[in-house]
J.: 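Encoded as structure tokens, here's the structure I'll be asking about.
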2 protein chains.
Amino acid sequence: MNAMNSLTNEELGSTAQRERRRRILAATIELASQGGFDAVQMRAVSERADVALGTLYRYFPSKIHLLVSALQVQFELSAAAMEGKEIPGETAADRVLFILNRNTKMMQRDPNLTEALTRAFMFADATVSTEIHAVGMMLTGVLNRAIDPAAGAIPTDDQVAVARVIGDVWLALLVGWVTGRTSTEEVSRNLSVAIHLLLR
Amino acid sequence: MNAMNSLTNEELGSTAQRERRRRILAATIELASQGGFDAVQMRAVSERADVALGTLYRYFPSKIHLLVSALQVQFELSAAAMEGKEIPGETAADRVLFILNRNTKMMQRDPNLTEALTRAFMFADATVSTEIHAVGMMLTGVLNRAIDPAAGAIPTDDQVAVARVIGDVWLALLVGWVTGRTSTEEVSRNLSVAIHLLLR
DNA sequence: TCCATAATAGGAACACGTTTCAATTTGGGT
DNA sequence: ACCCAAATTGAAACGTGTTCCTATTATGGA
């Protein structure tokens, strides 16, 4: 059973198994960081993680599952770093822009990793829906918090819609950027324009 | 030279060559239509187009180039069908929605083809920029015409920005749809919401 | 401690995108 | 009609994601 999903940390019984999973994801991020999507080769990951190829495939049923799981790890790190902190900015637009520019800067700092994770995200089909859903929830969650930072605020339908549209625009810009069609300046500028069109 | 670009119809000297190109693109669309991205296998395309594998690669330097060129063909067909006709709708939002819903319906009619072309578009890197640019121009062109249908109207900066954002949202929704994360109803609904947020 | 079962290792094998190359065909200039 | 350069063919070969299989090793219950 479960042949279609990545093994989560919680599903893994023994310490040794959780440790294997950790090594695999660490190796994935290292390789992605060094050479992007193409450098994340399943044989290379398995060797660097000191795990047999078959084991790698037991933990993550495809390269895409592996990379989307790595994306999830990165998002969790990023979300944890923001937790508890107040998002700077007077207006909703300022705060959203702050969040997204923060992410954009992170991406610029490690373009290869960004390319690898984004490509995987865009290529992921329905079999990766569990992992994708987790990532999507985290993104809209932080956007909603930026739009309305009141503790425990329930976002209105309109706010949810705006957050989703902004997320879509960000995704599209990301694609343009990782595929070398859009410069970082254009990403920032277009993002800013979109946010001001939506949050006015 | 030119080892990185697809051969365009105009660059091909002889009738036989233009005919080969036509057969290749026809075979691509047939295969995509039947089985989506995975079914567009280079050997299969070359066989169905009655062309050697090496020739296929001379015409289109990669599977992605091939599929994005096929996308271009489809867009040209779609644009030609709209040419001269007035876009129905009272407001800019109505007209834009009409255009995009029309495309969405086309996609639903041939989901495999849509999946193949969209996946290729999303995976295309900077080496496909020529083909991508042509497609992008056609999309923003028709969106601008929907926003301001006056003959020869020069779109304002704001209109251009709105058109670009709408295009981005559409792309993101398309991705969600082809990867099985979003239903067609959600695509239509979210598109409508986004357009009304942007064109108000 | 010993056994049954699951997990892992190690490696061969397959599929498909891509490259390469020698032999053949085509097409245009003389 | 002939020749040269370019285009095409046909087929082999390579890289990487994925699958499969057998032998070995961990693990947890009796």
J.: Stepwise, does the side-chain contact (heavy atoms from CB on, under 4.5 Å) test hold for A:Asn101 with A:Ser188?
T.: CA-CA 7 Å; A:Asn101 276 335; A:Ser188 291; 3.8 Å; yes
J.: Taking side chain to side chain contact (heavy atoms under 4.5 Å, CB included) as the definition, give me every residue that meets it alongside A:Asn190, ordered by chain and number, with sequence neighbours left out.
T.: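 Checked A:Asn190 against side chain to side chain contact (heavy atoms under 4.5 Å, CB included); matches are A:Leu173, B:Arg164.
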J.: My understanding is that only residues two or more places apart in sequence, or in another chain, count here; which of them pass side chain to side chain contact (heavy atoms under 4.5 Å, CB included) with B:Ala194?
T.: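 Listed in chain order: A:Val165, B:Val169.
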J.: Using chain A heavy atoms and a threshold of under 4.0 Å, write down where along DNA chain C the contacts begin and end, 5' to 3'.
T.: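 For DNA chain C, the relevant span reads C:dA7 to C:dA13.
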J.: How would you list all residue pairs meeting side-chain hydrogen bond (donor to acceptor under 3.5 Å, both in side chains) that involve residues 107-121 of chain A, not counting sequence neighbours?
T.: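 Those involving residues 107-121 of chain A are A:Ser33-A:Asp110, A:Glu115-A:Arg119.
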J.: Does OP1 or OP2 of D:dA7 have a side-chain N or O of B:Tyr59 closer than 4.0 Å?
T.: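 Looking at the OP1 and OP2 atoms of D:dA7, neither is under 4.0 Å from any side-chain N or O of B:Tyr59.
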J.: State which residues pass side chain to side chain contact (heavy atoms under 4.5 Å, CB included) with B:Ala70; sequence neighbours excluded, sorted by chain then number.
T.: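 Listed in chain order: B:Leu25, B:Thr28, B:Ile29, B:Leu117.
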J.: Mind checking the CD-OG spacing from A:Gln72 to A:Ser69? Nearest 0.5 Å is all I need.
T.: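 OG of A:Ser69 is found 6.0 Å from CD of A:Gln72.
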J.: Which of residues 37-50 of chain B have a heavy atom under 4.0 Å from DNA chain D?
T.: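 B:Arg43, B:Asp50, in order of number.
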J.: Along nucleotides 19-30 of chain D, 5' to 3', which nucleotides get a B, which get an S, and which get a -, given that the test is a protein heavy-atom distance under 4.0 Å?
T.: B-----------
J.: Can you check the B:Glu19 CD to D:dT8 P distance for me, whole Å?
T.: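 Answer to the nearest Å: 13 Å.
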J.: How far apart are the closest heavy atoms of A:Thr179 and B:Met122, and which atoms are they?
T.: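 Between these two residues, the closest heavy atoms are CG2-O, 3.9 Å.
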J.: B:Arg22: which residues meet the side chain to side chain donor-acceptor pair (under 3.5 Å) condition with it, sequence neighbours left out?
T.: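 B:Arg22: side chain to side chain donor-acceptor pair (under 3.5 Å) contacts with B:Glu19.
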J.: Show which side-chain atoms of residues 75-89 of chain A pair as donor or acceptor with protein atoms under 3.5 Å away, not counting sequence neighbours.
T.:
residue, atom, partner, partner atom, Å
A:Lys85, NZ, A:Ala81, O, 3.0

J.: Rounded off to whole Å, could you give me the CG-to-P distance for the A:Leu56 and D:dT16 pair?
T.: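 After rounding, the reported distance stands at 15 Å.
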J.: Could you identify which residues of residues 112-131 of chain B place a heavy atom less than 4.0 Å from some atom of DNA chain D, listed by residue number, or say none?
T.: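 Within residues 112-131 of chain B, no residue comes under 4.0 Å of DNA chain D.
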J.: Which pairs, with at least one residue in residues 168-200 of chain B and sequence neighbours excluded, count as a ring pair (Phe, Tyr, Trp, His ring centres under 6.0 Å)?
T.: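 Qualifying pairs: none.
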J.: For the residue pair B:Thr156 / B:Asp158, report whether a side-chain donor-acceptor contact shorter than 3.5 Å exists.
T.: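 There is no such pair (donor and acceptor under 3.5 Å, judged by atom type) between the side chains of B:Asp158 and B:Thr156.
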J.: By the ring pair (Phe, Tyr, Trp, His ring centres under 6.0 Å) test, which pairs, at least two apart or in different chains, include something from residues 114-168 of chain A?
T.: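 Output for this query lists A:Phe123-B:Phe37, A:Phe123-B:Phe123.
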J.: Can you tell me how far apart CG (A:Leu198) and CG (B:Leu197) are? Round to the nearest 0.5 Å.
T.: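 CG of B:Leu197 is found 6.0 Å from CG of A:Leu198.
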